[in-house]
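To start, the structure under review is shown below, and the notes come after it.
Just so we're clear, the structure is a prediction, and the values are computed from it rather than from any experiment.
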Amino acid sequence: MIDLSGKEAIVTGGGSGIGRGICSVLALAGANVLVTDISRGSAEETMRYCSYGGDITAKELDVTNEHSIDKIISEHIKERKKIDILVNNAGIIGSEGWSNREIPNSQDWAEVYEVNVRGVVKVSERVSIELKSQNQGKIVNIASIAARQGSPDSPHYSTSKAAVVSWTQSHALQMAPYNVNVNAVCPGLIWTPIWESIAKKRSQFGGNLDTTGLEGKKLFDQTVKSWIPLQREQTPEDIGNAVAFLASDIAQNITGQSINVDGGRFTN
Ligand SMILES: NC(=O)c1ccc[n+]([C@@H]2O[C@H](COP(=O)([O-])OP(=O)(O)OC[C@H]3O[C@@H](n4cnc5c(N)ncnc54)[C@H](O)[C@@H]3O)[C@@H](O)[C@H]2O)c1
C-alpha cells in the first residue's frame, strides 16, 4: 500500500467520477486532500465520501478563473503551509448540447480548450510557484487515451488531451530543476457523466465503432468489449491508484510520462 501520510494534496474536478475516485484513493493512502470543483455541492459530497481518510476539505474552484485559483492556492498555503501533490483532473467533453451535434461547433472547441488545456496550465503555473519555493512536489495531469488516436466525432476533445500529454512533457522539463515530477495518466473507459454524454451522441450519430441500435450503458459495454483486451471497464479507483503511485516518493525518477490505464487498449 502506498503511504501518503502527511502529504497535502489538491484535486481539481474532484466532485464526480474519476476525481472522486482519485480523492478517495489519496485519502485512503493517508493524504490530507483539498477536494475542489466548479460545483461546491459535489466537492462537499466527495469530502463526506472520503471521510475515512486524513484531513479532507472541500472548496469551489473553477479552473478557468485565475483569480479564484490564486485565492484558493494562497488560502491553502496560509492554512496548510505546503502543497505536495496537485492532480489536474477537471475536464469536459463539450459545451451545452454537445451530444446533439454531429460535429463539434466553435463553442465546443473553445470551452473544451479553456477547461482541459488552459485550465490545467493555469492551475499548474500557480501551484508551481509554491512547488519551486519548496523544492519538491508532484503534479499528475489526467489526460485520456483519446490523446492516442484520432476521433471522428470528438476531435476537439482528442486534441485537447493530446495537448495535455505534450504540456506534461514540457512542464516536466521546466520543473525538473526544482525537484518536481510532472506526469499524466491516460484513463481508458470509465462509466461517468462524460461517457453518458458520449453514449448519447454515438447512439444518434455513430462513432468510430459500430454500435447501431445500442444506447447508454449498453453502448458503453459494447465499446469495452470491442476495444479493451482485458475485457473490463476501468474504474475511478484504477485511475486513483496510478495517481497515488505517481504522487508518491517511490516514483521519484519518473517524470514527463503519460501512462495508459486502459486494460491494454494501447500498448505503446
Ligand atoms: N470517463 C472516462 O472514460 C474518461 C476517460 C479518459 C479521461 N477522462 C478524463 O477524466 C477527467 C474526469 O472525467 P470524468 O469522466 O470523471 O467526468 P465527470 O463529468 O464525472 O467529472 C468532471 C468533473 O469536473 C468538474 N468540472 C468541469 N468543469 C470544471 C471547471 N471549469 N473547473 C473545475 N471543475 C470543473 C465537473 O463539475 C465534474 O465534477 C476529465 O479530465 C476527463 O476528460 C475520462
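In the hydrophobic cluster analysis, where Ile, Leu, Val, Met, Phe, Trp and Tyr join through side-chain heavy atoms closer than 4.5 angstrom, V261 is grouped together with I250. At a threshold of 4.5 Å between side-chain heavy atoms, the hydrophobic network of Ile, Leu, Val, Met, Phe, Trp and Tyr places I38 and V121 in two separate groups. V11 and M47 fall within the same hydrophobic cluster, defined by Ile, Leu, Val, Met, Phe, Trp and Tyr side-chain heavy atoms under 4.5 Å apart, directly or through other members. Both V185 and L4 are assigned to one and the same hydrophobic cluster, defined by single-linkage of ILVMFWY side chains at heavy-atom distances under 4.5 Å. Using a 4.5 Å cut-off between side-chain heavy atoms of Ile, Leu, Val, Met, Phe, Trp and Tyr, with links allowed through other members, L34 and I83 fall into the same hydrophobic cluster.
Side-chain polar atoms of D37 and S39 form no donor-acceptor pair below 3.5 angstrom. A donor-acceptor contact under 3.5 angstrom links the side chains of D84 and Q136, judged on distance only. Checking N89 against T12 by side-chain atom types alone, no donor-acceptor pair falls below 3.5 Å. Side-chain polar atoms of S95 and D108 form a donor-acceptor pair below 3.5 angstrom. N260 and R265 form no side-chain donor-acceptor contact under 3.5 Å, judged by distance and modelled atom types alone.
Looking at L209 and W227, their side chains come closer than 4.5 Å, going by heavy atoms from C-beta outward. The shortest side-chain heavy-atom distance between H67 and D70 does not fall under the 4.5 Å cut-off. Looking at heavy atoms from C-beta onward, S124 lies in side-chain contact with H171 at the 4.5 angstrom threshold. Counting heavy atoms from C-beta on, the side chains of D238 and T235 come closer than 4.5 Å. Residues S16 and P193 form a side-chain contact, since some pair of their non-hydrogen atoms from C-beta on lies under 4.5 Å apart. The shortest side-chain heavy-atom distance between Q204 and N100 falls under the 4.5 Å cut-off.
Scanning all heavy atoms of the two residues, the minimum distance from G216 to W191 falls at C-CH2, 3.6 Å. Between S24 and E237, the shortest heavy-atom contact is OG-OE2, 4.3 Å. V165 and A143 make their closest contact through CG2-CB, 4.0 Å (heavy atoms, listed as atom of the first residue, atom of the second, distance). For the pair R232 and Q234, the tightest heavy-atom approach, listed with the atom from each and the gap, is O-NE2, 3.1 Å. Among all heavy-atom pairs drawn from S144 and K161, the shortest one is CB-CG, 3.6 Å. A pairwise comparison of heavy atoms in G256 and N183 identifies N-OD1, 3.2 Å as the closest pair.
In summary, K217 and E233 engage in a salt bridge, as defined by a charged side-chain N under 4.0 Å from a carboxylate O. Using a 4.0 Å cut-off between charged nitrogen and carboxylate oxygen, E196 and K200 do not count as a salt-bridge pair. Looking at E79 and K59, a side-chain N of the basic residue comes within less than 4.0 Å of a carboxylate O on the acidic one, giving a salt bridge. In this structure, D153 pairs ionically with R202, as a charged nitrogen and a carboxylate oxygen lie closer than 4.0 Å. Ion pairing of E8 with R80 is present here, as a side-chain N (NZ or NE/NH1/NH2) and a carboxylate O approach within less than 4.0 Å.
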*Determine, step by step, whether K122 and E114 satisfy the salt bridge (Lys or Arg N to Asp or Glu O under 4.0 Å) criterion, reporting the C-alpha distance in whole Å, the side-chain angles of both residues, the deciding distance to 0.1 Å, and the verdict.*
CA-CA 10 Å; K122 284 177 185 175; E114 194 54 31; 3.0 Å; yes
_Evaluate F220 against I190 for side-chain contact (heavy atoms from CB on, under 4.5 Å), listing each step before the verdict._
CA-CA 9 Å; F220 173 81; I190 296 124; 5.6 Å; no
*Starting from the C-alpha separation in whole Å, work towards a yes-or-no answer on side-chain contact (heavy atoms from CB on, under 4.5 Å) for T57 and V35.*
CA-CA 6 Å; T57 46; V35 185; over 6 Å; no
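With T168 contributing its side chain and V164 its backbone, the two residues share a donor-acceptor pair below 3.5 Å. Looking at S248, its side chain does come within 3.5 Å of a backbone N or O of F245 through a donor-acceptor pair.
Few gaps surround CD on Q149; more than 12 heavy atoms of other groups in view lie less than 6.0 Å from it. Other residues, nucleotides and ligands place more than 12 heavy atoms under 6.0 Å from the CZ atom of F205. Within a 6.0 Å radius of OH in Y113, more than 12 heavy atoms belonging to other residues, nucleotides or ligands are found.
Here the rule is side-chain contact (heavy atoms from CB on, under 4.5 Å) with L189, and of V224, D221, D262 only V224 fits it. Each of I22, N88, N116 was scored for a side-chain contact (heavy atoms from CB on, under 4.5 Å) with I142, with one residue passing: I22.
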